[in-house]
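Working notes, structure below.
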There are 2 protein chains.
Amino acid sequence: MLDERNREILCAIVQSYINNPDPVGSRFITRKYAFSLSPASIRNIMSDLEEMGFLRQPHTSAGRVPTDKGYRFYVDYLCSNEQRHDDRAFFHEITRELESIKNDIDILLSEATRRLSNFSHYLGVALSPRAGSSTFSSIKLLKHRSNHVVTVLFTDEGLVRNKVVDVDFDLTQRDLNRIASYLNSEFYGHTLNEIRTKIVREMSEEKILCDTLISRAMRICREALSSPSGNIFISGFTEVLGLPDFSDIEKIKEISRAMEDKHLIIKLLDRFSESAGDEVQVVIGSENSLAGMKGFSIVAATYKEGSRPVGSVGVIGPTRMDYSKTIAMVDIVSKFITKVIEGK
Amino acid sequence: MLDERNREILCAIVQSYINNPDPVGSRFITRKYAFSLSPASIRNIMSDLEEMGFLRQPHTSAGRVPTDKGYRFYVDYLCSNEQRHDDRAFFHEITRELESIKNDIDILLSEATRRLSNFSHYLGVALSPRAGSSTFSSIKLLKHRSNHVVTVLFTDEGLVRNKVVDVDFDLTQRDLNRIASYLNSEFYGHTLNEIRTKIVREMSEEKILCDTLISRAMRICREALSSPSGNIFISGFTEVLGLPDFSDIEKIKEISRAMEDKHLIIKLLDRFSESAGDEVQVVIGSENSLAGMKGFSIVAATYKEGSRPVGSVGVIGPTRMDYSKTIAMVDIVSKFITKVIEGK
DNA sequence: GTTAGCACTCTCAACAGGAGAGTGCTAATA
DNA sequence: TATTAGCACTCTCCTGTTGAGAGTGCTAAC
């Protein structure tokens with residue numbers, strides 16, 4: 001589709017535009033990248049590339065700017081050539097700084113997003129282990145005031161989550177212990193999603209209605225699981241405001257809206273964590289299926305427990321993003337988190 | 001210091017500027033507020049008010065704009081006259097929408113800030129009960145993996161907080177129960193701050209070193225209490241971007257920086273919750289002692305448990321803020337939260 | 001004390017002109 | 001046939017000018 005020379009010129013244009021957000025002209029390319037071609041030839045090629053949809057002109061007599069398709073080509077080219085960005089400095093920073101907070105996965109993720117945004121100047125995002133697909137390890141029930149029960153849920157991924165549950169019946173701590181041990185033996189090793197559907201099914205069968213202990217256990221457990229979406233961490237808004245891509249107030253509103261709609265981002269990251277692939281994934285601008293996100297690019301990867309992806313971490317930024325650097329950084333962070341989770 | 005007429009004119013100017021962010025001129029005041037004075041007279045008065053520091057001119061031959069001192073006068077005047085803003089609609093919204101989430105104080109606060117920002121178009125903020133000054137109710141310790149303990153801390157204010165603590169010694173659940181009951185009997189009724197200092201003191205005395213059970217208990221407890229600052233909730237950034245006061249990108253950066261520096265806002269709100277007063281408090285622009293906040297106003301109030309303030313809720317916005325409406329709203333929300341906490 | 005009148009100042013929007021950058025096309029060249 | 005030099009053209013952006021509009025401060029009259 002594109003011969004080698006055109007490929008290189010396209011990449012040079014994208015590269016140059018990423019470094020500096022001015023439309024790039026033919027003259028500039030010849031000077032900077034020395035293809036031993038005259039500006040006129042570059043112009044011809046650029047004209048071809050524009051016709052094929054890789055570039056566009058903001059207006060006649062401006063230089064060219066990559067389209068989303070152009071960025072996509074660039075990213076794929078990057079990956080196939082496996083030119084590693086030099087990321088050792090970042091790697092050391094990350095491992096050194098995050099080494100000390102292994103206990104609490106939430107704090108770890110929140111700090112990780114902070115580093116990501118600091119180094120990339122884009123938005124760092126992370127989704128804590130998805131409650132849905134994580135594995136039930138055990139549950140404890142604690143009596144609290146007259147008619148509240150505190151549930152403490154443990155998963156294999158190291159998640160510990162408590163929840164206050166209203167109960168309309170009176171239970172002693174002894175009752176609660178019995179209920180807990182029932183739930184533990186019943187659900188051990190299942191994913192929370194499985195458990196949730198199981199509860200719904202069993203509660204609709206009438207046999208449950210007879211046995212009040214089990215029925216109560218089910219109701220409490222259902223409540224304990226009732227927040228299916230993991231925590232989300234976003235940071236680096238101020239970083240983003242410094243980028244020339246966000247000098248326009250409308251663009252700022254756009255990303256701020258996207259940021260405040262947590263559900264949107266959760267959905268987005270959830271999609272990533274469904275794919276079990278090992279590589280960092282990149283979604284560029286209009287490739288994004290969510291309406292509010294079509295103006296941005298996402299670079300994200302999953303972190304895993306065993307071979308199963310349990311959550312994701314990544315970066316959201318303008319389509320004019322330093323993909324090479326960002327991909328390397330996200331890769332490092334996701335692998336680091338995986339390592340921490342497995343090491344526990 | 002100011003006679004009645006001057007007071008009214010000053011308030012009219014502030015009012016008008018709050019409604020519409022154009023410098024207000026003498027002509028406009030005579031037409032809109034009909035003081036049966038000519039523009040020339042108003043001009044004289046305005047000139048006096050400017051000299052006294054209540055108003056300023058963006059440039060010669062522009063109208064006047066209130067200074068922080070001007071806003072301060074307006075707010076005090078408002079309070080002394082006790083002109084209640086009509087807030088019934090908001091009151092009903094709030095009570096209706098938040099009624100259903102009484103269990104979890106964190107969710108309640110996060111929703112409350114959302115409503116506040118939606119209705120005010122400013123930033124809604126809240127600080128969850130300060131761990132420091134809240135009262136220890138009980139603690140449970142749960143064994144988790146080989147060398148982790150999960151601590152679940154309960155306070156009288158309804159806070160439930162868990163934390164994973166590393167331990168370098170092996171303990172059975174039975175040991176943990178003994179430790180927990182020791183801690184419960186030792187610390188019941190004290191504030192977390194008191195407990196913290198107590199632990200520090202006792203750990204420095206050598207007698208602790210002899211008794212490993214107590215020493216271990218102390219160490220675990222210290223970890224359990226180790227995040228002194230409460231959670232903070234901020235919402236409504238997109239709302240703020242719609243205000244004319246934030247059409248300037250520098251101003252946006254300023255508030256975004258303030259927002260991301262959670263510690264700053266925690267400090268700010270903490271200061272509010274130290275004052276035990278019952279009324280909504282207003283800090284205007286430069287009155288603020290924190291550097292990053294001098295460009296904004298804060299309207300906040302504490303919510304209480306018994307008569308003791310435990311946390312705060314409020315609004316951050318531009319100095320050109322609709323103080324009357326905002327004060328009424330913050331008052332309603334803080335009282336509502338107090339009611340919920342006490343009702344538990 | 002209040003007001004009419006007036007000169008003055010400052011902002012803002014619209015417009016014009018010129019520099020600069022980059023293009024597309026054409027004709028010459030290797 | 002691919003490449004290139006040359007050139008006219010287009011578009012943006014910056015700058016300077018100009019006039020309208022709004023508001024002021026001052027002075028003198030009421």
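These values consider heavy atoms only, across backbone and side chains, with no hydrogens, waters or symmetry-generated copies. All chains are named by letter (A, B, ...) in the order of the sequence lines, taking the proteins before the strands, and each is independently numbered beginning at 1.
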Round to a whole Å and report the spacing from CD1 of B:Ile29 to P of D:dG23. 11 Å
In whole Å, I'd like the distance from the CZ atom of A:Arg27 to the C1' atom of C:dG24. 17 Å
A:Tyr323 versus A:Ser297, side-chain donor and acceptor atoms under 3.5 Å: yes
Rounded distance (Å) that lies between atom P of C:dG1 and atom CD1 of B:Ile45: 12 Å
Strictly under 3.5 Å: I want the nitrogen or oxygen pairs between protein and nucleotides 1-5 of chain D, one per line.
{"residue": "D:dT3", "atom": "OP1", "partner": "A:Arg5", "partner atom": "NH1", "Å": "2.8"}
{"residue": "D:dT4", "atom": "OP2", "partner": "A:Ser38", "partner atom": "N", "Å": "3.0"}
{"residue": "D:dT4", "atom": "OP2", "partner": "A:Ser38", "partner atom": "OG", "Å": "3.4"}
{"residue": "D:dT4", "atom": "OP2", "partner": "A:Ser41", "partner atom": "OG", "Å": "2.5"}

Distance check needed: C:dT23 C1' versus A:Ile13 CD1, whole Å only. 14 Å
Would you indicate, yes or no, if D:dG23 has its OP1 or OP2 atom less than 4.0 angstrom from a side-chain nitrogen or oxygen of B:Arg64? no
One thing to verify: whether A:Arg72 and A:Asp68 come together as a salt bridge, which I'm taking to mean a side-chain N less than 4.0 angstrom from a carboxylate O. no
Using atom CD1 of B:Ile9 as one end and atom C1' of C:dT2 as the other, report the distance to the nearest whole Å. 13 Å
Looking at B:Glu254 and B:Arg257, is any side-chain nitrogen of the basic one under 4.0 Å from a carboxylate oxygen of the acidic one? no
Atom CZ of B:Arg31 and atom P of D:dG23: how far apart are they, to the nearest Å? 8 Å
Listed in order of residue number, which residues of residues 49-63 of chain A have a non-hydrogen atom at under 4.0 Å from DNA chain C? A:Gln57, A:Ser61, A:Ala62, A:Gly63
Rounding to a whole Å, what distance do you find between A:Asp48:CG and C:dT23:C1'? 14 Å
Rounded interatomic separation in angstrom, taking CE from A:Met46 and P from C:dC25: 16 Å
Run the salt-bridge test on A:Arg115 and A:Glu93 with the 4.0 Å N-O cut-off and return the result as yes or no. no
Please list all pairs passing the side chain to side chain donor-acceptor pair (under 3.5 Å) test where one or both residues lie in residues 51-64 of chain B, with sequence neighbours left out. B:Glu50-B:Arg64
Counting only heavy atoms not in B:Arg27 (residues, nucleotides, ligands), do more than 12 fall under 6.0 Å from its CZ? no
Count the heavy atoms of every other residue, nucleotide or ligand shown that sit under 6.0 Å from CZ of A:Phe91, and state whether that count exceeds 12. no
What's the spacing between B:Leu49 CG and B:Asn6 CG if we round to 0.5 Å? 5.5 Å
Please work out whether the ring planes of A:Tyr17 and A:Tyr71 are parallel, tilted or perpendicular, with thresholds of 30° and 60°. tilted
